[in-house]
Amino acid sequence: MNQNVAIIGAGPSGLAAARSLDKHGITWTGFELADDVGGLWDITHPRSTVYQSAHLISSKTTTQFAEFPMADDVADYPSHRELRRYFHAYADRFDLRRRIRFGTEVTAVTHDPATGAWTVTWTTRDGESHREQFTAVIAANGTLSAPNIPAFAGQETFTGQILHTSVYKDPRIFTDQRVLIVGAGNSGCDIAVDAVHHAASVDLSVRRGYHFVPKYLFGKPADTLNNGKPLPARIKQAIDSRVLKAFTGDPARFGFPKPDHKLYESHPIVNSLILHHLGHGDARVVADIERFDGETVRFKDGTSAAYDMVVLATGYRLHYPFLDKALLNWTGAAPDLYLNIVAPTPGLFVVGMIEASGIGWQGRAEQAELVATYLDPHTDPARREQFDRRAAGPRPDLSGGYRYLGLDRMAYYVNKDAYRTTVRSEIAALAGLESNR
């Protein structure tokens, strides 16, 4: 049967999917809202959520595609401008633009159980609607486009401006403003560091404590250390906690609550500059919000302060608006997919729905390789059936021994080593390179 696979999105995950399908000789068609590749890393993308100061929080060594390393003269932690150039070069190297329909927005993806066909409906910039049938669909539209916007008591009375980090671009908006940043994740801390150079004051409202990891340890990018055989979770936590204490001290000294979890049980904050500014009095940590009252924000510890601007660094929610949630086996905060990739509806896959410290784009490339190997017409049908049985069964333990926090944002979090080992094993099993489990 002739195959034509729809790939939705042309960011890192979509490019990885296109590259893997090409390697297996599988025809594909890409759909991308923007005018070029790069996804959120192209700040001109209609739905890009990066800001002018955005850089990788993982080093290029652990983030790049293995078959396409970044140049030696690229910084350890590249900016969004450098990453846009990288993805353009990647698309050039493997001729990936040729089958991507730019300026198109997918509005619906439906499945016909009788024929197994998938119908993709999309609109072009001129407002025209089109549809086409495909043999399979890969959703690769990313995880950081739909902002998670909480509601607070009395916020309708606030006399200042409330905005989400998804629309933040330029730190000059903070000039002479009394700024409250809600949430101290990686984006929240980045933006606080931006704001201190312009704002009249900067406060960080936090609910829980965090573990802070500097970008450099012993003169090298922190995530390039111990890249050999992974240590057991308890040993790695014990060793790294001691190292971090020596380098960053106790974040509670700067006003943060004590963390309610061990290191790596939630995504760490890769930013030591915020500790620098807190230590210099450029910013301060305040409690969780109780309610808004005009220009005043009242906190749960009984304190209050007046603000001109509130920035919600409250993260993102998974967003596949073109797919019925039932097709994705959506439960709670995230779809329940085998290896975060394979939907129970035949022919539907997701590439990029994964979060893990150090997983990089190579982790997404391995997801794409698994999909391409499964779809490859030369794959033994018996091996594909065995894979289907595993995909329908109990989910493998991808925690690597870590007890991750039971938060919505951790719903698709995995341990890098456990995850990649399992995905590679499945690729090998499908390809007949090792005995099936």
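The model shown is predicted, which means the values in this text are computed figures rather than measured ones.
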Exercise. Could you go through the side chain to side chain contact (heavy atoms under 4.5 Å, CB included) check for Tyr316 and Ile149 one step at a time?
Key: CA-CA 8 Å; Tyr316 297 84; Ile149 301 178; over 6 Å; no

Quick one: list whatever passes side chain to side chain contact (heavy atoms under 4.5 Å, CB included) with [X], sequence neighbours left out.
X	result
Asp112	Ala114, Thr115
Pro150	Phe152, Leu312, Thr314
Arg99	Asn4, Thr27, Trp28, Thr29

Heavy-atom distance under 4.5 Å between the side chains of [X] and [Y], does that happen here?
X	Y	answer
Leu180	Val311	no
Gln237	Glu265	yes
Leu33	Thr104	no
Val182	Ile289	yes
Tyr413	Ile354	no
Met70	Glu82	no
His267	Ser357	yes
Val213	Ile269	no

How about [X]: does its [atom1] atom have over 12 heavy atoms from other parts shown lying under 6.0 Å from it?
X	atom1	result
Arg384	CZ	yes
Arg98	CZ	yes
Lys169	NZ	yes
Lys262	NZ	no

Quiz item: Taking the six-membered ring for Trp, are His24 and His378 ring centroids under 6.0 Å apart?
Solution: no

Quiz item: Does the ring center of Phe174 lie less than 6.0 Å from the ring center of Tyr168?
Solution: yes

Quiz item: Counting N and O atoms only, with roles assigned by atom type, does the side chain of Glu369 sit under 3.5 Å from a partner on the main chain of Ser20, one being a donor and the other an acceptor?
Solution: no

Quiz prompt | Lys416 (side chain) donor-acceptor with Gly363 (main chain) under 3.5 angstrom | solution = no

Practice problem: Please determine which of Ile8, Val137, Leu328 meets the side-chain contact (heavy atoms from CB on, under 4.5 Å) test together with Leu323. | Solution: Leu328

According to the interplanar angle, ranging from 0 to 90°, do the rings of [X] and [Y] count as parallel (below 30°), tilted (30 to 60°) or perpendicular (above 60°)?
X	Y	answer
Trp361	Phe65	tilted
Tyr402	Tyr404	parallel
Tyr374	Phe387	tilted
His130	Trp122	parallel
His111	Trp118	tilted

Quiz item: Got a sec, which residues hit side chain to side chain donor-acceptor pair (under 3.5 Å) with Asn148, two or more places apart in sequence or on another chain?
Solution: none

Quiz item: Who pairs with Thr119 by side chain to side chain donor-acceptor pair (under 3.5 Å), at least two apart in sequence or on another chain?
Solution: none

Practice problem: Could you list all the salt bridge (Lys or Arg N to Asp or Glu O under 4.0 Å) pairs where at least one residue sits in residues 327-355, not counting sequence neighbours? | Solution: Asp336-Arg395

Quiz item: Got a sec, which pairs hit salt bridge (Lys or Arg N to Asp or Glu O under 4.0 Å) with one end in residues 120-148, sequence neighbours left out?
Solution: Asp35-Arg125, Arg101-Glu132

Quiz item: When you measure from the centre of the six-membered ring of Tyr77, is the NZ or CZ of Lys215 under 6.0 Å away and within 45° of the axis?
Solution: yes

Quiz item: Could you walk me through whether Asn340 and Tyr419 pass the side chain to side chain donor-acceptor pair (under 3.5 Å) check?
Solution: CA-CA 10 Å; Asn340 291 15; Tyr419 184 82; 5.6 Å; no

Working to the nearest 0.5 angstrom, can you tell me the gap between [X] [atom1] and [Y] [atom2]?
X	Y	atom1	atom2	value
Asp22	Asp95	CG	CG	8.0 Å
Met353	Leu337	CE	CG	4.5 Å
Asn141	Ile7	CG	CD1	12.5 Å
Asn415	Ile359	CG	CD1	8.5 Å

Quiz prompt | Stepwise side chain to side chain donor-acceptor pair (under 3.5 Å) test for Asn271 and Asp190 | solution = CA-CA 7 Å; Asn271 186 325; Asp190 277 356; 3.0 Å; yes

Quiz prompt | Verdict with supporting geometry, Asp170 and Tyr51, side chain to side chain contact (heavy atoms under 4.5 Å, CB included) | solution = CA-CA 7 Å; Asp170 191 321; Tyr51 34 89; over 6 Å; no

Quiz prompt | Side-chain H-bond candidate by donor/acceptor type, Asp223 with Ser59, under 3.5 Å | solution = yes

Self-check item: Stepwise side chain to side chain donor-acceptor pair (under 3.5 Å) test for Asp240 and Tyr264
Solution: CA-CA 10 Å; Asp240 289 6; Tyr264 304 129; 2.5 Å; yes

Practice problem: Could you walk me through whether Ile341 and Leu370 pass the side chain to side chain contact (heavy atoms under 4.5 Å, CB included) test, one step at a time? | Solution: CA-CA 9 Å; Ile341 303 170; Leu370 175 59; 3.8 Å; yes

Exercise. Check the pair Thr121, Val106 against side chain to side chain contact (heavy atoms under 4.5 Å, CB included), reporting the backbone distance first and the verdict last.
Key: CA-CA 6 Å; Thr121 304; Val106 173; over 6 Å; no

Practice problem: For Leu204 and Gly183, work out which heavy atoms get closest and say how close. | Solution: CD2-O, 3.8 Å

Once ring-ring contact (aromatic ring centres under 6.0 Å, His included) is applied, do any residues pair with [X], and if so which ones, sequence neighbours excluded?
X	result
His80	none
Tyr412	none
Phe256	Phe212

Quiz item: Can you list every side chain to side chain donor-acceptor pair (under 3.5 Å) pair that touches residues 321-332, not counting sequence neighbours?
Solution: none

Quiz item: Pairs in or reaching into residues 38-50: which pass side chain to side chain donor-acceptor pair (under 3.5 Å), with residues at least two apart or in two chains?
Solution: Glu32-His45, Asp42-Thr44, Asp42-Arg84, Arg47-Glu105

Practice problem: Show your working on side chain to side chain donor-acceptor pair (under 3.5 Å) between Thr63 and Ser58 and close with a plain yes or no. | Solution: CA-CA 6 Å; Thr63 309; Ser58 55; 2.5 Å; yes

